[in-house]
Amino acid sequence: MNTLGYLERLKRNDQSSQVWWDSSPAVYLPYKQHLLDKYPAAASYIDALMPDDFSEPRGLCSVTTNPRLVTAVILEKREYWSSRFNLASLSPSQLHKQLYNEVIVEGAAALQPLWVQSAQVEGWISAQVDPVDVRCTERMTVRGLELHRLAPNVMVKVPGSLEGLVTVEQLAAQGASINITFCFTVAQFQAGIQAIERGMATARSNGIDTAHCKYVITFMIGRFACQPELTLQAAERGLAFSAEELRWAELMIYEQVQALVAAASVPVQTLLSSIKVDVDERGNKHCWHLEKTGHAATCYTLTPDVVEFLIERESHGKPVVPAVGPQKPPASTFAKLIRIPYFYEAYFVDSIEPYDFGNHEAFINACNEANSAHRRLADYCVRLCPVTKPFKRALNALLAAEFGVIA
C-alpha cells in the first residue's frame, strides 16, 4: 500500500503544516495497537502516521490536552496516578493540581526528544489553565506560569475571553508558548494575535528570548455551526440550513482567520480542533474540515476517532486529500448565512466586542464541558483525601443541630 498519507499530502501544500494528537500521550500506544489489530493491511500507513515514541520527525508531532482528557486519563488508572502522592499530606485542591501536573509532565517527557531534534518546532504538549478561572486574569496567569515551568515543551492553553487574552499577553511577556483556545470568531483571532504581539514586544524589551516559542490559536471548527443559536436565528428569519451549508459556515470562518494569520507580524499558526467526520445518506464518510482546508499552513489536532477515519479511508483506497486552494461556498449559501447575526458576528473582524468573546454560545458550551471535567476530578480528589479538621467540625455541628447526629 502506498504510505503517502494525509500529512504528506498536506506538506506538499505547505511544509509548516502539522498534525497533532488530540488526546493524552498515555493512550497513544494502546490506540495505535488497536488500529494495527483492526486494520492489519494498513500497518505501514499507521506506522507512518503514528511513530511509536513521538521521537521520529514524521507523523503526529505534538499533543493537545484539556481538562476532560486529563480527567479521563487519571480516572481510568486511578491507582497508577494516586499512588505517586502522600494523600494524607495533601488537601483536595493540592492533589487536584499535582495529579493534573503529573499527567502533563509525563506527556512532556515523552515528547521532549522530538522537541529537541526538531529545534523546538515539534514535540509540544498543550496544558490548559483551570476553566473555573475563565473570568479571572490573575488566577489564569498564575496557573499559566506554573504550567509553563513544568517542562520547556509545554504550551499554555488559555481561553480566548477578554480576561484570557490579558493573560496571553502576560504569559507571552514571560517567554511562554501559547495556545489560545475556545475561539470561534475572526475577532478573537485578531485580538489573540495582537495580545501575542504585545507580549513578545515586552519580552524583547526585558531581554527574554522568544525565538523558539510556539504560538497557535485554536479554531474549534466543528463546534461552531452545531450551536442552537444559529438554527434559532435562521428559523426566526424563515431560513433553514442543510448540513453542507452549516459546514460552509465553518469553512468560511477558517478562510477568514487564515487570511489574518498570514498577514500577522508574529509567528502564529491556526490550529483546527473539534474536527468532525460526517456520514452521508449512503453511509459514506467524509470530512470537509480536512478535505476543504490545508491549502495554506495549518495545524490539526486529531482525536483517535479522526485518526481512525484517515486510516480507514486509506485502507479502502480512498485517501483523504487536503484542498489545493481557498474554498468558496455557493453564492446562495453565503447570501443566507450573512443574514444570521450568529454567523456574521463571527465572520467579520469588527462585529463582536472583546467583552463578548466569553458570552458567545459556543464559548460558553465549550467552557461548561471543561468545567464539568474539572469538577469531576475535583470531586474525586475530595473523596480521596482525608477530611480536614475544620471542615469536619463544621459538618458535625451542622449535622448535630439539624439531625442530632455527627459524621
Side-chain angles (χ1 to χ4, degrees), residues 6-7 10 16-29 31-32 49-50 54 59-74 100-101 103-112 114-115 118 120-131 143-144 147-148 150-160 164 168 171 176-184 188-189 192 213-223 257 268-276 289-290 293 297-308 310 362-363 366-367 369-370 373-374:
Y6 184 80
L7 177 59
L10 192 64
S16 60
S17 290
Q18 296 179 348
V19 178
W20 299 8
W21 176 243
D22 191 3
S23 192
S24 167
V27 303
Y28 177 81
L29 284 178
Y31 197 79
K32 177 181 179 180
L49 182 62
M50 301 180 71
F54 281 113
L60 299 167
C61 67
S62 289
V63 170
T64 54
T65 69
N66 57 46
R68 178 180 57 82
L69 294 172
V70 172
T71 295
V73 166
I74 293 169
Y100 198 99
N101 289 355
V103 173
I104 300 303
V105 168
E106 187 172 284
L111 289 157
Q112 192 161 8
L114 179 57
W115 184 79
S118 67
Q120 294 83 54
V121 174
E122 302 175 339
W124 294 93
I125 184 168
S126 290
Q128 190 164 334
V129 299
D130 295 341
R143 181 61 175 141
L147 294 170
H148 165 58
L150 289 178
N153 56 327
V154 168
M155 299 180 72
V156 185
K157 200 171 184 181
V158 182
V168 166
L171 293 177
S177 292
I178 306 291
N179 177 349
I180 306 176
T181 190
F182 298 169
C183 292
F184 304 93
Q188 281 176 289
F189 267 75
C213 290
K214 182 86 169 179
Y215 308 107
V216 299
I217 304 178
T218 299
F219 176 29
M220 304 181 83
I221 189 168
R223 291 175 179 257
V257 301
V268 63
Q269 286 183 289
T270 300
L271 176 65
L272 292 187
S273 75
S274 303
I275 292 166
K276 304 300 181 187
H289 295 153
L290 296 176
T293 63
T298 308
C299 295
Y300 299 80
T301 183
L302 306 183
T303 64
D305 286 345
V306 177
V307 170
E308 181 166 357
L310 287 174
F363 183 104
C367 193
E369 181 182 292
H374 181 90

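Residue numbers start at 1 and run along the sequence shown.
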Q: If you compare all heavy atoms of T65 against all heavy atoms of S23, which two are closest, and at what distance to 0.1 Å?
A: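 Here T65 and S23 meet closest at CG2-O, 4.4 Å.
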Q: Mind listing the closest non-hydrogen atom pair of A127 and V154 along with its distance?
A: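 Heavy atoms only, the tightest pair is CB-CG1, 4.0 Å.
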Q: For side chain to side chain contact (heavy atoms under 4.5 Å, CB included), just list the numbers for V19 and L60, CA-CA rounded to whole Å, side-chain angles, deciding distance to a tenth of an Å, and then say yes or no.
A: CA-CA 5 Å; V19 178; L60 299 167; 3.2 Å; yes
Q: Which heavy atom in V156 sits nearest to a heavy atom in G144, and how many Å separate them?
A: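 Looking at all heavy atoms of both residues, the closest pair is CG2-O, 3.4 Å.
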Q: Report yes or no: does S17 contribute a side-chain atom to a donor-acceptor pair with the main-chain N or O of T298 at less than 3.5 Å?
A: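 Yes; at least one donor-acceptor contact below 3.5 Å.
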Q: With a 4.5 Å limit on heavy-atom distance, are the side chains of E106 and P25 in contact?
A: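 E106 vs P25: side chains apart.
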Q: Distance from M155 atom CE to I104 atom CD1, nearest 0.5 Å?
A: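 Atom-to-atom, M155:CE and I104:CD1 are 12.5 Å apart.
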Q: Identify the heavy atoms of F184 and A366 that sit nearest to each other, and give their distance.
A: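 Heavy atoms of F184 and A366 come nearest at CZ-CB, 4.3 Å.
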Q: Look at the side chain of Q269 and the backbone N and O of Q18, then say whether any donor-acceptor pair between them is shorter than 3.5 Å.
A: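 Not a single qualifying donor-acceptor pair exists.
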Q: Quick one: does Q112's side chain get under 4.5 Å of P152's, heavy atoms only?
A: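 Side-chain contact under 4.5 Å: yes.
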Q: Quick one: pull up CG in L10 and SG in C299 and give me the separation to the nearest 0.5 Å.
A: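 So the gap between those two atoms works out to 9.0 Å.
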Q: Taking side chain as C-beta onward, heavy atoms only, is H148 less than 4.5 Å from L171?
A: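 The answer is no, as the side chains (C-beta and beyond) never meet within the 4.5 Å cut-off.
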Q: Is it true that a side-chain atom of S177 and a backbone atom of Y215 form a donor plus acceptor pair closer than 3.5 Å?
A: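 Answer holds: no.
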Q: For residues L114 and S62, determine if any side-chain heavy atom of one lies less than 4.5 Å from a side-chain heavy atom of the other.
A: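 A side-chain contact is absent here, since even the closest heavy-atom pair is not under 4.5 Å.
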Q: Do N66 and L69 have side chains that approach each other closer than 4.5 Å (heavy atoms only, starting at C-beta)?
A: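 Heavy-atom side-chain distance check passes, below 4.5 Å.
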Q: Between CG of L272 and OG1 of T301, what distance do you get to the nearest 0.5 Å?
A: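 Spacing of CG (L272) from OG1 (T301) equals 10.0 Å.
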Q: So, for C213 and A176, which heavy atoms are closest and what is the spacing to 0.1 Å?
A: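 Residues C213 and A176, closest heavy atoms: SG-O, 4.2 Å.
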Q: Side chains of Y100 and D130: closer than 4.5 Å at any heavy-atom pair?
A: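 They are not in side-chain contact.
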Q: With under 30° as parallel and over 60° as perpendicular, where do the rings of Y31 and W21 fit, or are they tilted in between?
A: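 Because their plane-to-plane angle lies in the 30° to 60° range, the rings of Y31 and W21 count as tilted.
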Q: A side-chain contact here means heavy atoms from C-beta on lying under 4.5 Å apart; do D22 and V306 qualify?
A: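 No. Closest side-chain heavy atoms not under 4.5 Å.
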Q: With no hydrogens and no angle check, is any side-chain donor or acceptor of K214 less than 3.5 Å from a backbone partner on W124?
A: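 Judged by distance alone, no pair lies under 3.5 Å.
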Q: List the steps and the verdict of side chain to side chain contact (heavy atoms under 4.5 Å, CB included) for I178 and I217.
A: CA-CA 8 Å; I178 306 291; I217 304 178; over 6 Å; no
Q: Can you tell me how far the CD atom of E122 sits from the CG atom of N153, to the nearest 0.5 Å?
A: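 It comes to 12.5 Å.
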Q: List the atom of S126, the atom of N179, and the distance in Å for their closest heavy-atom pair.
A: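 Closest approach of S126 to N179, heavy atoms only: OG-ND2, 3.2 Å.
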Q: Do the non-hydrogen side-chain atoms of T64 and T218 ever get within less than 4.5 Å of each other?
A: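 Of all side-chain heavy-atom pairs linking T218 with T64, none is under 4.5 Å.
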Q: Once rounded to the nearest 0.5 Å, what's the spacing between atom OG1 of T181 and atom CD of Q188?
A: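 Rounded to the nearest 0.5 Å, the OG1-CD separation comes to 9.5 Å.
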Q: To the nearest 0.5 Å, what is the distance between OH on Y300 and CH2 on W20?
A: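 Output value for this atom pair is 13.5 Å.
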